[in-house]
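In what follows, a structure is listed as structure tokens, so that the remarks can point back to it.
The structure displayed is predicted, hence computed values, not measured ones. Letters A, B, ... are given to chains in the order of the sequence lines, protein chains preceding strands, and every chain is numbered from 1.
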Protein chains: 2
Amino acid sequence: MESREQTRSRATLEDVANDAQVSLATADRVVNKRPGVRAATVAKVNAAIRRLDYRPDPAAARLARTRPRRVVFVLPAGANSFVGMLGEQVEANVEWMRDQRVESKVIAVDVFNPAELAHTLRAQEGHCDAVIVMALDHPLVRSAIDHLVHAGTVVITLVSDVPSSARTHFVGIDNSAAGRTAATLVGRFVGKRRAKAAVILGSLSLRDHAERYFGFNQVMAQEYPHLSVLPPLEGQDTPARNESLATQLIASHPDLAAIYSVGAGNAGICAALRATGRAHDTVFVGHELTSASRAELLNGTMDAVINQDAGHEVRSALRIALAQWSKEAVLSDQERIRIDIYLKDNLP
Amino acid sequence: MESREQTRSRATLEDVANDAQVSLATADRVVNKRPGVRAATVAKVNAAIRRLDYRPDPAAARLARTRPRRVVFVLPAGANSFVGMLGEQVEANVEWMRDQRVESKVIAVDVFNPAELAHTLRAQEGHCDAVIVMALDHPLVRSAIDHLVHAGTVVITLVSDVPSSARTHFVGIDNSAAGRTAATLVGRFVGKRRAKAAVILGSLSLRDHAERYFGFNQVMAQEYPHLSVLPPLEGQDTPARNESLATQLIASHPDLAAIYSVGAGNAGICAALRATGRAHDTVFVGHELTSASRAELLNGTMDAVINQDAGHEVRSALRIALAQWSKEAVLSDQERIRIDIYLKDNLP
DNA sequence: CTGTTAGCGCATTCAA
DNA sequence: TTGAATGCGCTAACAG
């Protein structure tokens, strides 16, 4: 029977002020990097902060703050259901946000129009404290992000990263790892027979789709050489296009053993599989757990769904923004978004 | 380009006091269910609370509280590595807890001794505000939990539930679903050939082991009848015993295609598999992602690991305790512990 | 550039 | 059984 405790109360801003021989207000100014303090004074205060191991008390800060922090979510318009879930999740967290003194707004933009996206982003300057954006990786967008960050706005990319930008943080999964995961699932579910595997994606110009496809191919080539991967088909994430692609695929490849759907629009593929009577003997792996994909998993048309938890992602983005503002520590392992694998048996 | 905002500032305790025509102190007494208030007064205040839709501001409450809340973790002694991870996770959260005005202590007890566990639990009465316990389901334990809860302590069962007790909350996974998940993985990885599958567990008297085994059998029988499941072997969660069990198993069943390890001690099974040269042609599914099982996944001896996130579990337990105390809402979907499936490709 | 002064919303003495 | 008063640690408005 072993035990352990913690005690010791922490240093306050006032302790810091005393130690540095300045006033509370001045100490506060340097902690919050506000202007109007001589460099020498800043140094004194910082020294005191280090000496006393000072960290602001988030509860006190939150209570004292009158003006709420403003965060803007920029999400794709014409939403597929995963994007819809993101929206619902921000909605689901307004209560919690209010407790944290944050207000949010959702703006829907056309993802495929970089100029519009970039314009929307730039327009937020000065109007909010953080923008959380599901962006596409394009020079215009990158520069808009850099601009915002330069102006002191926290920018968090969500789901789809803009790695070359100065974004404060990315919240999402490693898409090539997701693609590799899909490949292992496909390879092991199909088994040892020689056969073909198809890939249907939205567009190769979408960074996450391209990355998933890359990871998928990598593992298939290395570990399942008896399965030949057909050239990728682009269905624009629309069920209708996906359905006709899948139908053709099935017709022209009698030895088609598996389909990996990289993007959205799985309903079309399921329809094709059912119409051709191949729903149960073709391995079908796709992304994002929605009420639709959940049902397809249960009825056996889909065999596995790879997911990123939308709720986790929005909460995580919010917590990270909060942490940036008040320089709290972020628990990196709480904020890591998992590559979830769902089978019919472990559905939430 | 659509948008939406929230505003409106909330009612404070003072608003409630005014509305009910009592003092701040009295309002506070009824909100926190403290004694010494006439029933009629309580009713008045509660009416005001409802009328104004009052909810305490967690930041203010936390700031004003001088005496920290005390939580005690009661965990199994002689820890296997998963339990060790739980301990590390409480350690990893002390900083965060301090911000929330909570102090914690970890007590290690012999899980297999219900009397001692029960005694330890009862001993906490009056010494803490919450106990978070990884218990075993036994009448003595159940009654100790009921006793604590009756005394006003928040009791949260962790990982292993005591469903018949009055515990405030259970944080953990659905173990029969986990067992079913294991079965699907085994069934699909093995494929269509006739063969045998073995189950090794710690003890059938451990509720979670029994439940996993149950779920496993259920799916195997229904969906993979060509795979016959051998009678379960009890290895007490120890690597040595598991190794000899696995070795015998392999020797006596040439057509053994898969092993499902329900509990701890996977190192022994891996050793046996390697020693007999069967590491790569026997499907091996086990539980809990540790540095060891991670390595076995990467080297191909284990094919899948089913996990419950230890960090998520302790944070969740903590958040739920906090929410109970300050009657904040709990985000159920944030607190749901997932049945994680890890392959070598989606490792964190 | 720096200091003084009020609160934020609630918990908690201490009086009545 | 109830109320008045104080302060938690920080932000922000206002003086100097």
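For A/Asp146, the salt bridge (Lys or Arg N to Asp or Glu O under 4.0 Å) partners two or more places apart in sequence, or in a different chain, are A/Arg142. A search for side-chain hydrogen bond (donor to acceptor under 3.5 Å, both in side chains) contacts involving A/Arg101 returns B/Asp57, not counting sequence neighbours. B/Arg55 meets the side-chain hydrogen bond (donor to acceptor under 3.5 Å, both in side chains) test with A/Glu95, A/Asp99; sequence neighbours excluded. Partners of B/Arg338 under the salt bridge (Lys or Arg N to Asp or Glu O under 4.0 Å) rule, at least two apart in sequence or in another chain, are A/Asp309, A/Asp340. B/Asp174 meets the salt bridge (Lys or Arg N to Asp or Glu O under 4.0 Å) test with no other residue; sequence neighbours excluded. Among residues two or more places apart in sequence or in another chain, the salt bridge (Lys or Arg N to Asp or Glu O under 4.0 Å) test is passed with B/Arg51 by B/Asp19. B/Ala61 meets the side-chain contact (heavy atoms from CB on, under 4.5 Å) test with no other residue; sequence neighbours excluded.
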Donor-acceptor pairs are to be reported for all side-chain atoms of residues 37-49 of chain A against protein atoms at under 3.5 Å, with residues two or more places apart or in another chain.
residue: A/Asn46; atom: ND2; partner: A/Val42; partner atom: O; Å: 3.4

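Using a 4.0 Å cutoff on non-hydrogen atoms, the parts of residues 30-44 of chain B near DNA chain D are B/Gly36, B/Val37, B/Arg38, B/Thr41, ordered by number. Listed in residue order, the members of residues 15-27 of chain A having a heavy atom less than 4.0 Å from DNA chain D are A/Leu24.
Read 5' to 3', the first and last nucleotides of DNA chain C with an atom closer than 4.0 Å to a heavy atom of chain A are C/dC1 to C/dG9.
The distance between atom CD of B/Glu14 and atom C1' of D/dA4, rounded to the nearest whole Å, is 12 Å. Between A/Leu52 atom CG and D/dG9 atom P there is a gap of 14 Å when expressed in whole angstrom units. Rounded to a whole Å, the CH2 atom of A/Trp325 is 14 Å from the P atom of D/dT11.
The pair A/Asp53-A/Arg10 does not count as a salt bridge, with every side-chain nitrogen at least 4.0 angstrom from each carboxylate oxygen. Between B/Arg315 and A/Asp333 there is a salt bridge, since a side-chain N of the basic residue sits under 4.0 Å from a carboxylate O of the acidic one. Taking a cutoff of 4.0 Å between a charged side-chain nitrogen and a carboxylate oxygen, B/Glu328 and B/Arg62 qualify as a salt bridge. Ion pairing of B/Arg69 with B/Glu103 is absent here, as no side-chain N (NZ or NE/NH1/NH2) approaches a carboxylate O to less than 4.0 Å.
Contacts of B/Arg29 with the nucleic acid, taken as non-hydrogen atoms under 4.0 Å apart, include base atoms. Counting any heavy atom pair closer than 4.0 Å across all strands shown, B/Asp28 reaches a base atom. Residue contacts for A/Leu63: at a heavy-atom cut-off of 4.0 Å it reaches a base atom on one of the strands shown.
The CD1 atom of B/Ile156 lies 5.0 Å from the CD1 atom of B/Ile132; values are rounded to the nearest 0.5 Å.
Not a single donor-acceptor contact under 3.5 angstrom links the side-chain atoms of A/Arg10 to the base of D/dG9.
One end of the helix from C/dC1-D/dG16 to C/dA16-D/dT1 points its axis 40° away from the other end's axis, with each axis taken from 5 pairs and the angle rounded to 10°.
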